[in-house]
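Let me begin by presenting the structure, written as structure tokens, before commenting on it.
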Amino acid sequence: MRILYATHGHGSYIPPLPLSAEQVIIGPNYPDADTPDGRPLSRRTGQEFDMRLVLRTLPADFVPDLFVALVDAWFGSVPRHVDSLPCPTVLLIADTHHGAAPVTDLLRYAREERYHRLSVTHDPHHLHWFAKAGLEPVACHLNLNVRDFGVPFAEQRQPHIVFVGQTSSQHSRRGRLLQLLIEQGLPVSAGADATHNAAKRYAKAQLTFNCSLNGDLNMRVFEALSAGACLLTDRLALASGLDQHFTDGQHLITYDDDQDLLDKARYYLARPDDCLAIARAGHERYQSLFSESRRRQTFLDYALGDAQQAQQCAQAARQHDPRSNERCDPDTLEFRAATYQTIQELQRLELIREVTFSERIPQQQRADFSDLNTVRLSTNASDPSRTALIATVADLTEMAASRTPCPARFLVLADATMDSLIPLGMAMMSLRLQDANPTIERDPSRPGWRGRGGWLFTAPVAADAG
């Protein structure tokens with residue numbers, strides 16, 4: 001089977017899972033390469049490229065049976081004119097959990113290129129946005145490109161916590177929690193390494209630490225369990241898929257917050273037999289559901305099966321998330337997604353702890369935020385002691401870009417109707433203002449929804465605010 005696979009990755013960073021012996025990889029980080037007998041292996045492209053031109057670089061007799069494109073919200077690899085290909089096409093949607101406009105940008109791209117089928121790979125909790133847009137079928141193939149390195153299950157473990165991965169400023173919560181473990185005197189071994197070496201380290205440690213970047217079901221969950229690790233990872237929302245496939249305390253261990261992480265790390269380090277039992281159960285569960293051969297076959301069945309098979313796969317992917325059953329017109333969808341992704345980014349930066357909804361917000365719009373895993377959601381009870389500060393998503397995006405926290409780390413979602421005078425319906429609450437009636441007015445010079453201008457607030461904030 002001849003498969004064209006487009007990706008922003010490279011040979012040592014998330015290479016595609018081999019789906020066929022005749023797979024040709026294309027992207028900006030792969031060279032022009034062929035086998036000695038002239039069979040194509042890879043082709044270099046620009047960041048954005050025309051698939052009609054790519055086909056001309058391949059042998060005349062190379063007619064693809066399937067085209068797969070991994071496109072993330074950073075758009076490192078962007079195929080164009082996909083509809084010109086003489087084969088089924090599948091868009092793998094990745095990394096919608098961070099960045100300025102990850103959901104709306106990928107929604108826009110999916111509408112423009114109109115792949116035959118879509119699938120999310122790291123963020124099943126965002127599948128509903130694409131289903132709402134009517135981009136059917138859209139399924140979920142969790143971490144399709146995770147590789148199994150065949151590490152033997154280790155019966156003897158070293159009494160420490162291992163972490164392999166990034167702790168850059170992009171991963172602020174992860175770095176902070178890892179530092180917390182170290183400062184509290186827990187035995188931690190941390191650092192970057194190649195994925196095949198990481199697998200060996202996971203297998204030898206009593207505990208493997210993980211923290212998602214922003215509520216995503218990340219690759220480390222699968223890499224660690226495939227190596228037989230006893231995984232200690234952050235609790236995710238139900239729609240993320242973690243709880244649907246793995247049971248807390250049986251296949252892995254989840255924590256809620258800083259103290260819960262410390263308590264469970266200490267508890268399980270003192271119980272090596274429990275860790276070994278969880279590691280074995282997690283490894284067996286992974287092999288039964290997510291081995292390379294199973295992921296490969298499941299994906300190909302979806303990509304190449306008939307319309308009924310594809311629809312069944314799509315329905316199975318969204319059965320645990322009723323939000324996928326809603327349909328939304330483009331303007332309303334973009335409005336809601338823009339609101340969501342801004343709050344999501346503020347969560348990643350740990351700039352907010354709570355979002356409170358006005359009673360006027362429809363339940364469907366409240367549900368958009370139910371997959372935020374570190375932000376508490378509640379309903380505003382019209383507390384007269386709180387004074388609102390009105391803001392658009394543009395204002396909050398500016399706050400996120402400058403990493404300026406809301407003083408009380410508290411947001412209220414107010415009247416979010418499209419015809420509202422507050423188009424994006426944001427209100428920052430619980431700020432202690434000396435003036436109970438701050439001036440709130442339109443400022444046409446500030447960015448806002450569809451050119452309507454942002455909001456200007458003028459009110460003295462008490463010195464002890466926050």
Side-chain angles (χ1 to χ4, degrees), residues 97 121-125 140 142-143 146-149 151-155 157-165 171 173-174 177-178 181 186-190 195 198-292 294-295 320 371 373-374:
H97 54 278
T121 183
H122 302 307
D123 298 297
H125 57 298
C140 178
L142 293 174
N143 287 281
V146 167
R147 304 302 298 274
D148 297 346
F149 293 101
V151 177
F153 186 85
E155 298 289 340
R157 305 290 174 110
Q158 297 169 356
H160 67 230
I161 303 168
V162 70
F163 172 77
V164 181
H171 301 262
R173 181 173 183 243
R174 178 188 297 169
L177 291 179
L178 193 60
L181 291 171
L186 293 163
V188 175
S189 170
T195 50
K200 296 174 185 177
R201 292 173 65 182
Y202 297 149
K204 293 178 181 178
Q206 189 168 323
L207 283 174
T208 292
F209 169 74
N210 181 45
C211 178
S212 67
L213 171 58
N214 200 14
D216 51 304
L217 185 50
N218 65 12
M219 294 183 72
R220 190 173 295 99
V221 170
F222 294 81
E223 291 169 339
L225 295 179
S226 74
C230 181
L231 181 65
L232 177 60
T233 190
D234 54 331
R235 192 184 305 280
L236 304 179
L238 179 62
S240 74
L242 182 67
D243 291 343
Q244 296 165 26
H245 302 292
F246 305 106
T247 302
D248 184 21
Q250 179 180 348
H251 303 120
L252 43 69
I253 305 156
T254 64
Y255 61 87
D256 290 304
D257 53 26
D258 297 26
Q259 190 59 52
D260 196 33
L261 169 63
L262 289 172
D263 291 345
K264 287 178 177 173
R266 292 181 177 124
Y267 179 90
Y268 282 101
L269 281 173
R271 292 164 174 79
D273 290 344
D274 289 353
C275 290
L276 195 62
I278 292 170
R280 183 177 290 105
H283 182 61
E284 292 173 353
R285 181 70 169 173
Y286 171 86
Q287 292 297 335
S288 69
L289 296 179
F290 297 109
S291 66
E292 277 193 22
R294 181 176 290 273
R295 277 183 281 123
H320 298 287
D371 52 47
N373 70 315
T374 66

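Because only heavy atoms are used, hydrogens play no part in the values below, and waters and symmetry mates are left out as well, while side chains stay in. Predicted model, so just to flag it, every value in this text is computed and none were measured.
For the atom pair OG1 of Thr247 and CD1 of Ile278, the computed distance is 11.0 Å after rounding to the nearest 0.5 Å. For the atom pair Tyr286 OH and Ser291 OG, the distance stands at 7.0 Å (nearest 0.5 Å). With rounding to the nearest 0.5 Å, the separation of CD1 in Ile161 from CZ in Arg266 is 9.5 Å. Separating the CG atom in Leu225 from the CG atom in Leu289 is a distance of 10.5 Å, to the nearest 0.5 Å. The SG atom of Cys230 sits 14.0 Å away from the OH atom of Tyr202 when rounded to the nearest 0.5 Å. Taking OH of Tyr268 as the reference point, atom CG of Asp274 lies at 6.5 Å (rounded to 0.5 Å).
Considering Thr254, Asn218, Asn210 in turn, Asn210 is the only one that fulfils the side-chain hydrogen bond (donor to acceptor under 3.5 Å, both in side chains) rule with Thr233.
With hydrogens and angles disregarded, a donor-acceptor distance shorter than 3.5 Å links the side chain of Arg295 to the backbone of Val146. Looking only at distances, no side-chain donor or acceptor of Gln206 sits under 3.5 Å from a matching main-chain atom of His160. Side-chain atoms of Arg294 come within 3.5 Å of backbone atoms of Ser288 as a donor-acceptor pair (strictly under, hydrogens ignored).
Note on residues 213-241: pairs passing ring-ring contact (aromatic ring centres under 6.0 Å, His included), not counting sequence neighbours, are Phe222-Phe290.
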Candidate pair Leu232 and Leu261, rule side chain to side chain contact (heavy atoms under 4.5 Å, CB included), full reasoning: CA-CA 8 Å; Leu232 177 60; Leu261 169 63; 3.7 Å; yes
Cys140/Leu142 under side chain to side chain contact (heavy atoms under 4.5 Å, CB included): CA gap, chis, key distance, verdict: CA-CA 6 Å; Cys140 178; Leu142 293 174; 3.5 Å; yes
Candidate pair Arg173 and Thr374, rule side-chain hydrogen bond (donor to acceptor under 3.5 Å, both in side chains), full reasoning: CA-CA 10 Å; Arg173 181 173 183 243; Thr374 66; 5.4 Å; no
Evaluation steps, side-chain hydrogen bond (donor to acceptor under 3.5 Å, both in side chains), between Tyr255 and Asp263: CA-CA 9 Å; Tyr255 61 87; Asp263 291 345; over 6 Å; no
Stepwise side chain to side chain contact (heavy atoms under 4.5 Å, CB included) check, Asp234 with Phe209: CA-CA 9 Å; Asp234 54 331; Phe209 169 74; over 6 Å; no
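Heavy-atom neighbours of Lys204 NZ from other residues, nucleotides or ligands within 6.0 Å: at or below the threshold of 12.
In terms of heavy atoms, Val164 sits closest to Ala198 at CG1-CB, 3.7 Å.
A heavy-atom distance below 4.5 Å is not found between the side chains of Ser212 and Leu217. For the pair Glu155/Arg280, a side-chain contact is recorded, criterion being any heavy-atom separation below 4.5 Å from C-beta on.
Legend: residues meeting side chain to side chain donor-acceptor pair (under 3.5 Å) with His122, ordered by chain and number and at least two apart, are Asn143. Partners of Asp371 according to the salt bridge (Lys or Arg N to Asp or Glu O under 4.0 Å) rule, which considers only residues two or more places apart in sequence or in another chain, are Arg323. Remark: Arg285 engages no residue in a salt bridge (Lys or Arg N to Asp or Glu O under 4.0 Å) (not counting sequence neighbours). For Arg147, the salt bridge (Lys or Arg N to Asp or Glu O under 4.0 Å) test picks out Glu292, with sequence neighbours left out. For the salt bridge (Lys or Arg N to Asp or Glu O under 4.0 Å) test, residues two or more places apart in sequence or in another chain that qualify with Asp248 are Arg235.
With respect to the salt-bridge test (charged N to carboxylate O, under 4.0 angstrom), the residues Arg157 and Asp273 do not qualify.
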